[in-house]
Amino acid sequence: MNRLLTTGLVVAVVALTFAPSIRGADFEWEFEPIDAVEVTNPPIPNVDVQLMVDDDSVEGDFGVGGSLAQQFLWFNRFSPNLSTPIRLNEIWVLFPAGPNMTVGADVQLVVYHDPDGDPSNGADFVASFSETIQSVDGDTFSVYPLANPLEFDQAGDILIGVVNRFVVSGVTTTTRPAAMDNTASQGRSWLAVWTGDPADPPVLPADSIYQTIDGFVAGNWMIRAFGDQLQVPAIPAQTNHGLLVLLSLLALTGVMLIRRST
Ligand SMILES: [Ca+2]
Ligand SMILES: [Ca+2]
């Protein structure tokens, strides 16, 4: 195969892979591939509950190209084992380097519980947190300890996402705030866009664009959460002494009832 044909095929494959196909898109959605970066800072904590869908390496940035950026929500759908309650203590987000990405910029973290595990028909809002970007070096997660840890004790999925509140929709120029792992999509990373800015808090489903990001480019958002499995309170064991007292009381009551009835 000659070099020209090979190059043509590669270009075609890249074009197909990254061809925008987001329904209802009024914006120039943009994916910027980068050389894969291993993201190991900070190290993953050794805790019971580790919610993550990425593979530690980031391969691209997603956002709005062209001259008019837009606020939107990008979230991951997690399915932890909720047969025993869990408590989320931290949310992590990797923000890429790139145009208009600055430390200190406002972002909003949003958490939902989805009893039926299907984000397409909506989910129950749980909490939101106003935060700022901590790092844009591309290989350090911004780490957000939750002032009020979130407890989940009902079956279902947990959705955790970010809104780029620092963007003035229609004014801010090109911004790609969502870092992606593109190695192997888990099919759990969603894009939610409203006709205006997302409400505070954003209510799902979104009314403009609402789908997994795989229709545009297959991958996983670099959003994680960590926490603990909560122990179900144990029923106090009855001591032998307690049982003896209980049996004695029952026997005494029985004797009194028999005497009263004769
Ligand atoms: Ca990767
Ligand atoms: Ca649902």
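Residue numbers start at 1 and run along the sequence shown. All heavy atoms count here, side chains included; hydrogens, waters and symmetry mates do not. Read the numbers this way: they start at 1 and go in the same order the structure lists the ligands and their atoms.
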With side-chain hydrogen bond (donor to acceptor under 3.5 Å, both in side chains) as the test, pick out the partner of T183 among N220, D55, D54.
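Among N220, D55, D54, the one meeting side-chain hydrogen bond (donor to acceptor under 3.5 Å, both in side chains) with T183 is D55.
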Single hit among N76, D214, D181 for side-chain hydrogen bond (donor to acceptor under 3.5 Å, both in side chains) with S189:
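Answer to the side-chain hydrogen bond (donor to acceptor under 3.5 Å, both in side chains) test with S189 among N76, D214, D181: N76.
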Tell me whether the Ca ion (ligand 1) has [X] as a neighbour, meaning an N, O or S atom of it below 3.0 Å.
| X | value |
| --- | --- |
| N220 | no |
| E59 | yes |
| T183 | yes |

Show your reasoning for whether ring pair (Phe, Tyr, Trp, His ring centres under 6.0 Å) applies to W221 and F75.
CA-CA 7 Å; W221 304 133; F75 70 85; 9.3 Å; no
With a 4.0 Å cut-off, would you call D56 and R224 a salt bridge?
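Salt bridge flag = yes for R224 with D56.
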Could you tell me if N100 and T172 have a donor-acceptor pair between their side chains, going purely by distance under 3.5 Å?
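No.
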Strictly by modelled atom types, are T212 and R77 linked by a side-chain donor-acceptor pair under 3.5 Å?
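Their side chains do not contain a donor-acceptor pair, so the 3.5 Å distance test is not met.
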How open is the angle at the Ca ion (ligand 2) from atom OD1 of N121 over to atom OD2 of D114, rounded to 10 degrees?
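Once rounded, the angle between the two atoms at the Ca ion (ligand 2) is 140°.
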To make sure I understand the geometry: which N, O or S atom in D181 is closest to the Ca ion (ligand 1)?
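For D181, the N, O or S atom at the smallest distance from the Ca ion (ligand 1) is OD1.
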Can you tell me if an N/O/S atom from G122 lies under 3.0 Å from the Ca ion (ligand 2)?
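A backbone or side-chain N, O or S atom of G122 is under 3.0 Å from the Ca ion (ligand 2).
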Check D118 and report its N/O/S atom nearest to the Ca ion (ligand 2), by atom name.
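Going by distance to the Ca ion (ligand 2), the closest N, O or S atom in D118 is O.
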If you check every N/O/S atom of D116, which is the one nearest the Ca ion (ligand 2)?
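Of the nitrogen, oxygen and sulfur atoms in D116, the Ca ion (ligand 2) lies nearest to OD1.
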Report, rounded to 10°, the angle at the Ca ion (ligand 1) between the two atoms OG (S57) and OD2 (D55).
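It is 80°, given to the nearest 10°.
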A quick test of your reading: do over 12 heavy atoms of other residues, nucleotides or ligands sit less than 6.0 Å from CG of N148?
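Count not over threshold, so no.
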